[in-house]
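Everything on this sheet refers to the single structure shown next.
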Amino acid sequence: MSTSKKDFGMIGLGTMGSNLVLNMSDHGYTVAGYDKDDSKGKKLVKEDQANGNVTSFNKVEDFISALSTPRNILLLVPAGPIVDAVISEIKAFLSEGDLIVDCGNSHFTDTQARVDALAKENIHFMGVGISGGELGARLGPSIMPGGNKEAFHRLENMLKDVSAKVDGEPCTAYMGSGAAGHYVKMVHNGIEYALMQLIAESYHILKVHGGFTNSEMHETFTNWNTGRLNGYLIEITAAILSQKDDRTDGMLLDMIADRAKSKGTGVWTSTDAMSLPAPIPSIDGAVTQRTLSGLQQERWIAAEYIGKRTEPTICTDKETLVTELESALYAAYLIVYAQGLSMLQVASKVYDYGIDIATVASIWRGGCIIRASLLVEITKAYNDNPDLSNLLLAPAFAEAIKTGEQSMRKINSRAIEQSIPVPVFCNTLNY
Ligand code: 6PG
């Protein structure tokens, strides 16, 4: 085992933390890991055996002494009080100029409070949003760092190395001062909620009004993914539609209950949008639907009391339905990105973050959950006109919005007639 000081420290060796460490090690960085659960550290060191870049500790003093100075310590622990508990635990061992980097989904106000409190002791604190889930952390996520710019430069090369690449460009860049990194990640998640809800509504229309089988829907989403709707969420929707259930003869999707929980980032996005104010009705609607879906018992009772819906009419022209829905969904995607990015513009002014919208769009092109081909053109639109106040005002999208708006009207009115709920398609059209 090498005794030389490590480039980085990682606190929290769960799946996300371990995967990020392995990614860093693959790029030649040496890392000291710290987790009270020693078995996690031992497992990680074993997984890194071929590189030999990782050591692990379960005593905080040993962990801190293993780091080169000034120290760069990353945290991948659950957001909330645990972040504060970790900071208090390590603070006594830190020196001026050390850097703590919170890579979790922390609320931006918590991050700002930590930045301010630690700055008084000359310790840097950065909030870094990471998207892409466990696989992304291992193979290349989209990374949204914010905070002190000098401190950021100590991480910059490593973040570029471990992030996803699109056309050779890293999906990471400095987002802005203070809590900008966590703010951008929060809005990313808000957009994620709305896109997921729009896909769910599209699925429902195809299934109930289109009379499509799972296999036909698999084919539809697969085709969409080869066109202008190409993106991660469309890709995984196509995949789940062909996934067999391993416990029955049926399909996995048909076994999943129609209720969902959330970790809260969508609620944070809507709450802050209301107070900025910045209108994001598609995201608000998606957050509401997520909560409403959880009221399954009430929905069942209401169905008994208020009456079940009438049987829908199956449409006879499936091809036209798919064409119209694709056009509606594409326009809706654009409108959702427009809402999220406009909110970031407003927030950047209010909180003085200095966020560059073209940069945000460009680092979302790969690695993250909302990655989509469309972000290439969105990046171009903001590069062409950095003062663009709303994506819908970019000439490049005018035609798609005009056609998509007509399609959305047809799709929404037919869905309403057929008792198929389309709340987020409606909010999107109304915006
Ligand atoms: C990501 C994801 C990830 C997760 C969110 C949302 O970017 O990797 O956004 O962070 O999907 O935490 O979770 P909920 O949808 O459960 O709120």
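Each ligand, and each atom within it, is numbered from 1 in the order the structure gives. Treat the numbers as computed from the prediction; the structure is a model and nothing was measured. Only this structure's heavy atoms are used, side chains among them; waters, hydrogens and symmetry mates stay out.
- Defined by atom type and a distance below 3.5 Å, a donor-acceptor pair is missing between the side-chain atoms of His218 and Asn214.
- Counting protein heavy atoms only, atom 13 (O) of ligand 1 is closest to Lys263 NZ, 3.8 Å.
- Using a 4.0 Å cut-off to heavy atoms of Tyr193, the atoms of ligand 1 that qualify are 14 (P), 15 (O), 17 (O).
- Rounding to the nearest 0.5 angstrom, the gap separating the NZ atom in Lys207 from the CG atom in Leu241 is 9.5 Å.
- For ligand 1 and Ser131, the ligand atoms under 4.0 Å from any heavy atom of the residue are 1 (C), 7 (O), 8 (O).
- Separating the CE atom in Met255 from the OG1 atom in Thr248 is a distance of 3.5 Å, to the nearest 0.5 Å.
- The protein non-hydrogen atom at the shortest distance from atom 3 (C) of ligand 1 is Lys185 NZ, 4.1 Å.
- Heavy-atom contacts of His188 reach the following atoms of ligand 1: 7 (O) (cutoff under 4.0 Å).
- Between Tyr353 and Tyr351, the ring planes lie tilted relative to each other; the angle falls in the 30° to 60° range.
- Judged by the shortest distance from any of its heavy atoms, Gly132 lies inside the 4.0 Å radius around the atoms of ligand 1.
- Using the six-membered ring where Trp is involved, Tyr183 and Phe108 have ring planes that are perpendicular, over 60° apart on the 30 and 60° scheme.
- Remark: ligand 1 and Ile130 share no N or O pair separated by less than 3.5 Å (distance only, no angle test).
- In terms of polar-atom proximity, Asn189 is counted as a contact of ligand 1, with an N or O under 3.5 Å from an N or O of the ligand.
- Here is the list of ligand 1 atoms found below 4.0 Å of a heavy atom in Ile369: 1 (C), 2 (C), 7 (O), 8 (O).
- Near Arg290, the atoms of ligand 1 lying under 4.0 angstrom from a non-hydrogen atom of the residue are 14 (P), 15 (O), 16 (O).
- Taking CD1 from Ile416 and CZ from Phe425, the interatomic distance works out to 12.0 Å, rounded to the nearest 0.5 Å.
- Under the 4.0 angstrom criterion for non-hydrogen atoms, Gly133 is in contact with ligand 1.
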As a quick check of understanding, evaluate salt bridge (charged side-chain N to carboxylate O under 4.0 Å, His left out) for Glu121 and Lys91, giving each step before the final call.
CA-CA 10 Å; Glu121 303 180 48; Lys91 217 171 66 181; 3.2 Å; yes

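- Side-chain atoms of Glu219 and Asn223 form no donor-acceptor pair, as typed in the model, at a separation below 3.5 Å.
- The contact set between ligand 1 and Asn105, taken as ligand atoms under 4.0 Å from a residue heavy atom, comprises 10 (O), 12 (O).
- Looking at ligand 1, you won't find any N or O of Ser262 less than 3.5 Å from one of its N or O atoms.
- Of the protein's non-hydrogen atoms, Glu192 OE1, 3.5 Å is the one closest to atom 2 (C) of ligand 1.
- Asp26 and Asn51 share a donor-acceptor pair across their side chains, judged by distance under 3.5 Å alone.
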